[in-house]
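The structure appears right after this line, and notes come after that.
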Protein chains: 2
Amino acid sequence: MKEKLKEHIENLIALTDDEFLHILSHFSFENYKKNDFLIQEGEQVKNCYLVVSGLLKLVYDDKNGKQHIVSFAMEDWWESDFSAYFSQTKAKMSLQCIEDTIVFSLSFKNYQKLSAELPKMNCFFLEKSNSGHIASQNRILSFLTSNAKEKYEQLLKQYPLLFQRVPKTLLASYLGVSRETLSRLSS
Amino acid sequence: MKEKLKEHIENLIALTDDEFLHILSHFSFENYKKNDFLIQEGEQVKNCYLVVSGLLKLVYDDKNGKQHIVSFAMEDWWESDFSAYFSQTKAKMSLQCIEDTIVFSLSFKNYQKLSAELPKMNCFFLEKSNSGHIASQNRILSFLTSNAKEKYEQLLKQYPLLFQRVPKTLLASYLGVSRETLSRLSS
DNA sequence: AGTCGCGTGTGACATACATCACTAATTGTA
DNA sequence: TACAATTAGTGATGTATGTCACACGCGACT
C-alpha cells in the first residue's frame, strides 16, 4: 500500500527513499465501510484524505434537508472540506463513503510540519490544488452553459466509470437536477 | 506601486528586501484600458496577472455566441486562464477589462524560475490556489442550492462593491440567469 | 441639438425542470 | 421465504426562468 502513496507523489516530484519514509511517517492509513463518515458536518476538520480505493462523496445538506453533492472523490483524489481544513474550523460539509474505501490521512499539523521540513512537498500540494481549482472552474462552466442533458453527457464523458458505480439519484444530486428529470433524459 | 506587490506577498510570507527585489524582477508592470484584452480566447496564455487596481472579467464564449462570466477579478486577485497557463496551451477563455486596469504580470517561465529559486514562493502560490479552489467550490454550492434571487443576494453580500461597478447584464451572466430575470428580481 | 449605442425595465408567451403520486424491480436481511 | 429498504421509471401538474419584443433614459460623440 505504501507503494501507492509513493507512486502518487512521485508522479509529480522526485523522492529519495529517505524522503519518502519521512513523508510516510506523517500519514496514517485508514479503512472505512460503505456509509461511514470521514467528516461530519459541524465537527472539527482534522484531516484531508488521499483515496487509495473506493469512492467518497462530499455533500452539503441545505436547510430543507436536501443533499447536494459538491464532489465525488475516487482513486488518487485528495478530498476534504478544505475550507474548514485550512482554517481549522467546523465542517460545512460531510465526507461519506459510497463504497468501502481505503485512504491515506494527513492531519493539518502534519501537513504543516511536512511542508516546513520538506519544501518540495509544497510543489506537490500546489499542483494538486491547481487541478482542483481548474476542475471546479470547469464544473462552474458546465452550470453556466449547459442544460440537464448536456451536463449529464459531460459527466458521463468525463467519468464513464462513475455511472456504473453510483445510483442515478446521486448523479442527479451532483448535477443539480431532480432524479425524475435525470431519469427522463435516458428515454 | 512596487509597495503594493510587496505588501500583497508579505501578507502571506515574510521577505527580506533582497528577496523582494529578486521577486520583483520577475514581474512586469502593465496598464490596460477598458475593453482591452489581457487574454484572448484561442491564443497562447503566457501570463498570469495580479490586479493592482481596476476590474477584469474572465469570460467563456459558447458556441451560440453567448458570453458566460466565469469570474470577476478585482484588486488583489490573481487571474488567468489557469488551465491554459499551467499546461501552456491555447486559451479557452478570455480575460478582459471592465474598467481601466493596472496589473503585475508573471510569465510562466518566470513563474517556474521563481518557484525553483525561491521555494517559499510556492507557499504563497499554494495559499492563493487554495483560496481560488475554495471560492469556486462555494460558487458551485450556490448553483446547487439556490434560485436566481438567492444567488443574486449572495453575490451582493459577498461583493457589495461590484453591484455599483458593473452593469446588471454582466452580473446576470455571472449568475447564469437572463438579464430580464435579474431585472425582475429587484421589483 | 440631434443621433447613436448602451443599459435597463416590462409585458406576453414558451419551455425546461421541479414536485407529487404511484408503480415496479431489485437488494439486503430478519 | 418474506418483508422492508433502496432504486428507478413515468404520468399529471405547477412554476421559475428563458426568449422575444418594445419602450425609455442617458451619456458619448459629431
Side-chain angles (χ1 to χ4, degrees), chain A residues 32-37 54-55 57 59-69 72 96-100 139-156 161-187, chain B residues 33-36 55 57 59-69 72 96-100 139-156 159 161-187:
Chain A
Y32 294 91
K33 291 274 165 211
K34 182 172 173 173
N35 295 325
D36 282 356
F37 285 90
L55 185 58
K57 60 178 179 180
V59 300
Y60 175 82
D61 295 287
D62 71 19
K63 52 189 189 306
N64 309 316
K66 216 174 186 174
Q67 275 214 346
H68 304 274
I69 296 191
F72 292 110
Q96 189 180 13
C97 296
I98 296 176
E99 304 171 351
D100 292 357
R139 179 117 178 264
I140 290 171
L141 254 185
S142 172
F143 276 113
L144 286 174
T145 60
S146 309
N147 62 21
K149 179 152 205 168
E150 289 161 345
K151 283 191 284 181
Y152 184 53
E153 281 160 2
Q154 287 161 24
L155 180 63
L156 289 191
L161 316 154
L162 210 56
F163 157 81
Q164 296 132 25
R165 289 168 75 180
V166 319
K168 300 275 171 69
T169 311
L170 291 187
L171 294 185
S173 154
Y174 176 86
L175 293 174
V177 300
S178 68
R179 60 160 207 87
E180 292 93 333
T181 296
L182 190 67
S183 167
R184 280 185 257 263
L185 289 181
S186 325
S187 42
Chain B
K33 292 273 166 211
K34 181 172 174 172
N35 294 325
D36 282 356
L55 185 59
K57 60 178 180 181
V59 300
Y60 175 81
D61 295 286
D62 71 19
K63 51 190 189 306
N64 309 316
K66 216 173 185 176
Q67 273 214 348
H68 304 275
I69 297 191
F72 291 110
Q96 189 180 12
C97 296
I98 297 176
E99 305 170 353
D100 292 358
R139 179 117 178 264
I140 290 171
L141 254 184
S142 172
F143 276 114
L144 286 173
T145 61
S146 309
N147 61 21
K149 179 152 204 168
E150 290 162 343
K151 283 191 284 181
Y152 184 52
E153 281 160 2
Q154 287 162 24
L155 180 63
L156 289 192
Y159 309 112
L161 315 155
L162 209 56
F163 157 81
Q164 296 133 25
R165 290 167 74 179
V166 320
K168 301 275 170 69
T169 311
L170 291 187
L171 294 185
S173 154
Y174 176 86
L175 294 174
V177 301
S178 68
R179 61 161 205 86
E180 292 93 334
T181 296
L182 190 67
S183 166
R184 280 185 257 263
L185 290 182
S186 326
S187 42

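Below, chains carry the letters A, B, ... as their sequence lines are ordered, and counting in each starts from 1.
Distance B:Ile98 CD1 to C:dG7 P: 11 Å, rounded to the nearest Å. What separates CG of A:Asn147 from C1' of D:dT19 is a distance of 15 Å, to the nearest Å. C:dA18 atom P lies 12 Å from atom NE2 of A:His68, rounded to whole Å. We find that CG of B:Asn35 is positioned 9 Å from P of C:dG7, with the value rounded to whole Å. In this entry the distance linking CZ of A:Phe143 with C1' of D:dT17 reads 17 Å, nearest Å. The CG-P distance, from A:Leu185 to D:dT10, rounds to 12 Å in whole Å. The interatomic distance linking B:Lys34 (NZ) with C:dC6 (P) rounds to 10 Å, in whole Å. Going from atom CG of B:Leu182 over to atom C1' of C:dT10 covers 14 Å, rounded to whole Å.
Remark: B:Lys168, B:Thr169 in residues 168-178 of chain B come within less than 4.0 Å of DNA chain C through at least one heavy atom.
Distance CG/A:Leu182 to NZ/A:Lys149: 11.0 Å, rounded to 0.5 Å. One distance of note links OG of A:Ser146 with CG of A:Leu155; it measures 11.5 Å at 0.5 Å rounding. Here the straight-line distance linking atom NZ of B:Lys168 with atom CD of B:Glu180 works out to 13.5 Å at 0.5 Å rounding. Note that NE2 of B:His68 is 8.0 Å distant from CG of A:Leu141, once rounded to the nearest 0.5 Å.
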So which protein N/O to nucleotides 20-30 of chain D N/O distances come out below 3.5 Å?
| from | atom 1 | to | atom 2 | distance (Å) |
| --- | --- | --- | --- | --- |
| D:dC20 | N4 | B:Glu180 | OE2 | 3.1 |

Give me the distances for all protein-to-nucleotides 28-30 of chain C N/O pairs that come in under 3.5 Å?
none

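Nearest heavy-atom pair across B:Lys151 and B:Leu175 is NZ-O, 2.9 Å. The two atoms that bring A:Phe72 and A:Lys57 nearest to each other are CD2-CB, 4.4 Å, heavy atoms only. Between B:Asn35 and B:Gln96, the closest heavy-atom pair is O-NE2, 3.0 Å. When every heavy atom of A:Lys33 is checked against every heavy atom of A:Cys97, the shortest pair comes out as O-CB, 3.4 Å.
Each of A:Ile69, A:Val166, A:Val177 was compared with A:Leu171 under the side chain to side chain contact (heavy atoms under 4.5 Å, CB included) criterion, and only A:Val166 meets it.
Side-chain atoms of A:Leu144 and B:Phe143, non-hydrogen and from C-beta on, do get closer than 4.5 Å to each other.
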Checklist line | Test side chain to side chain contact (heavy atoms under 4.5 Å, CB included) applied to A:Ile98 and A:Arg165, step by step | finding: CA-CA 9 Å; A:Ile98 296 176; A:Arg165 289 168 75 180; over 6 Å; no
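Looking at heavy-atom distances under 4.0 Å, B:Lys66 makes contact with sugar-phosphate atoms alone, never a base.
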